[in-house]
Protein chains: 2
Amino acid sequence: MKNYSKQREAVSNILKASKSHPSAAKIYEEVKKIVPSISLGTVYRNLADLQKNGEIISVSVGDGTERYDGDTSPHIHLVCRNCLSITDVHLEDDFGIRFATDYGFSPDSSVYTVYGLCDKCSRK
Amino acid sequence: MKNYSKQREAVSNILKASKSHPSAAKIYEEVKKIVPSISLGTVYRNLADLQKNGEIISVSVGDGTERYDGDTSPHIHLVCRNCLSITDVHLEDDFGIRFATDYGFSPDSSVYTVYGLCDKCSRK
DNA sequence: ATATGTGCAAACTGTTTGCACACGA
DNA sequence: TCGTGTGCAAACAGTTTGCACATAT
């Protein structure tokens, strides 16, 4: 059904180790240090697979690129519309997942994003 | 500072009246019935403005298009990875917004999305 | 042996942008 | 009048995909 590949493993590891919500291009840069021959297309393919499995999530920051996150524990993303920074706020529990189940929905992941201006940018 | 335009008004009205989370292309189709001369570029520009004002929000369904929502009251989106349907689950309160404020963040909107399979698709 | 994954590069498509003109205040 | 908004079309950029080859089981 699904074979092992060092490329997918590397992508997964990088995301799980990172806290910076990198873009596909950034991940590509990082993975090349481990698997130099990897191509950007493969990065995208693996990101799609991992996301479908619920191993990673993705967040829209509004700059046209998708950001990826290897942390699937319940948390909110505070996305600054000005500097595009993403701040995590961890939660006890993901009640969205619980609600979904109540509706007959089979959830694999959830993303809670709050948009606005971060502390620094709102002072200006 | 910001002028009135029937184009922006029409885009806004359509979104506030709709419950279907339409794409920009779909909105364009609808708006043309009201302002036939409107262009797709203008639709995008107005969607960006409205979103920046917190009048509308947008949701990624994962098919490469952004969906727009004129309902900014607290609710969760249940997005089916198979049929791409979006089901709304309304909430009492948007605690993400409250949390954000506690962190010195100035929120303008929030999006809570749960991905998975809807009732219908998970049966197959 | 056979299904699955990869690298490469071209193709795709949603979105953005420059420009000349129109409109609102 | 003067700043803001629009229409058009071209340009852009992130992402996807076809194909031939490589790898996993």
Side-chain angles (χ1 to χ4, degrees), chain A residues 1-15 20-53 55-69 79 81-82 84 86 115, chain B residues 1-15 20-53 55-69 79 81-82 84 86 115:
Chain A
M1 178 109 266
K2 179 147 280 185
N3 286 337
Y4 168 86
S5 89
K6 61 184 174 192
Q7 287 85 344
R8 182 164 43 248
E9 172 112 36
V11 169
S12 173
N13 287 342
I14 281 169
L15 273 172
S20 66
H21 314 83
S23 63
K26 187 75 186 163
I27 294 165
Y28 175 51
E29 262 181 51
E30 290 301 311
V31 184
K32 271 201 292 193
K33 294 177 186 167
I34 298 165
V35 188
S37 65
I38 200 172
S39 71
L40 186 54
T42 296
V43 170
Y44 275 108
R45 274 187 289 234
N46 282 317
L47 287 171
D49 287 350
L50 292 167
Q51 201 170 352
K52 213 167 288 175
N53 292 346
E55 291 185 53
I56 64 173
I57 59 176
S58 71
V59 188
S60 285
V61 292
D63 72 338
T65 71
E66 203 66 13
R67 304 306 181 81
Y68 297 87
D69 190 346
V79 175
R81 290 198 190 281
N82 187 241
L84 300 182
I86 304 180
Y115 296 93
Chain B
M1 179 113 268
K2 178 148 280 185
N3 286 339
Y4 167 86
S5 89
K6 60 184 173 192
Q7 286 87 344
R8 181 164 43 247
E9 173 113 36
V11 169
S12 174
N13 287 342
I14 281 169
L15 273 172
S20 65
H21 313 83
S23 63
K26 187 75 184 161
I27 294 165
Y28 175 51
E29 262 181 53
E30 290 301 312
V31 185
K32 271 201 291 193
K33 295 177 186 168
I34 299 165
V35 187
S37 65
I38 200 172
S39 71
L40 186 55
T42 296
V43 171
Y44 275 108
R45 274 187 289 235
N46 282 317
L47 287 171
D49 287 350
L50 292 167
Q51 201 170 353
K52 212 166 289 175
N53 293 346
E55 291 185 52
I56 66 173
I57 59 176
S58 72
V59 187
S60 286
V61 292
D63 72 337
T65 71
E66 203 67 12
R67 304 306 180 83
Y68 297 87
D69 190 346
V79 175
R81 290 198 190 282
N82 189 242
L84 301 182
I86 305 180
Y115 296 92

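Each chain gets a letter, A, B and so on, in the order its sequence line appears, and its residues count up from 1.
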Check whether the side chains of A:Ser60 and A:Glu66 place a donor and an acceptor atom closer than 3.5 Å, and report yes or no.
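On atom types as modelled, these side chains qualify, holding a pair under 3.5 Å.
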Working for side chain to side chain contact (heavy atoms under 4.5 Å, CB included), residues B:Lys2 and B:Asp49
CA-CA 10 Å; B:Lys2 178 148 280 185; B:Asp49 287 350; 3.8 Å; yes
[N] [atom2] sits how many Å from [X] [atom1], rounded?
| X | N | atom1 | atom2 | result |
| --- | --- | --- | --- | --- |
| B:Leu47 | C:dG14 | CG | C1' | 13 Å |
| B:Ile38 | D:dA9 | CD1 | P | 16 Å |
| A:Glu29 | D:dG14 | CD | P | 12 Å |
| A:Tyr28 | D:dT15 | OH | P | 14 Å |
| B:Arg8 | D:dT6 | CZ | P | 6 Å |
| B:Lys6 | C:dA22 | NZ | C1' | 10 Å |
| B:Gln7 | C:dA22 | CD | C1' | 10 Å |
| A:Asp49 | C:dG5 | CG | C1' | 9 Å |

Would you say B:Ser39 places a side-chain N or O within less than 4.0 Å of OP1 or OP2 belonging to D:dC8?
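Looking at the OP1 and OP2 atoms of D:dC8, neither is under 4.0 Å from any side-chain N or O of B:Ser39.
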From the list [options], which nucleotide is the closest neighbour of the side chain of [X]?
| X | options | answer |
| --- | --- | --- |
| A:Arg45 | C:dA25, C:dC19, C:dT6 | C:dT6 |
| B:Tyr4 | C:dG24, D:dT6, C:dT15 | C:dG24 |
| B:Ser37 | D:dT15, C:dT4, D:dG7 | D:dG7 |
| B:Asn3 | D:dG5, D:dG7, C:dT15 | D:dG5 |
| B:Lys2 | D:dG5, C:dT6, D:dA24 | D:dG5 |

A:Val35 vs A:Ser37, side chain to side chain contact (heavy atoms under 4.5 Å, CB included): CA-CA, chis, key distance, verdict
CA-CA 6 Å; A:Val35 188; A:Ser37 65; 4.0 Å; yes
Before accepting this row, confirm whether a basic side-chain N of the pair A:Glu9/A:Lys6 lies closer than 4.0 Å to the acidic partner's carboxylate O.
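No salt bridge links A:Glu9 with A:Lys6.
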Between A:Glu30 and A:Lys33, does any NZ, NE, NH1 or NH2 come within less than 4.0 Å of an OD or OE carboxylate oxygen?
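Yes.
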Nearest heavy atom decides the nucleotide; on that basis, is B:Tyr44 or B:Ser5 closer to the 5' end of DNA chain C?
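Checking each residue's closest nucleotide, the 5'-ward one belongs to B:Tyr44.
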How do B:Asn46 and B:Gly62 order along DNA chain D: which one's closest nucleotide is nearer the 5' end?
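On the 5' side of the pair lies B:Asn46.
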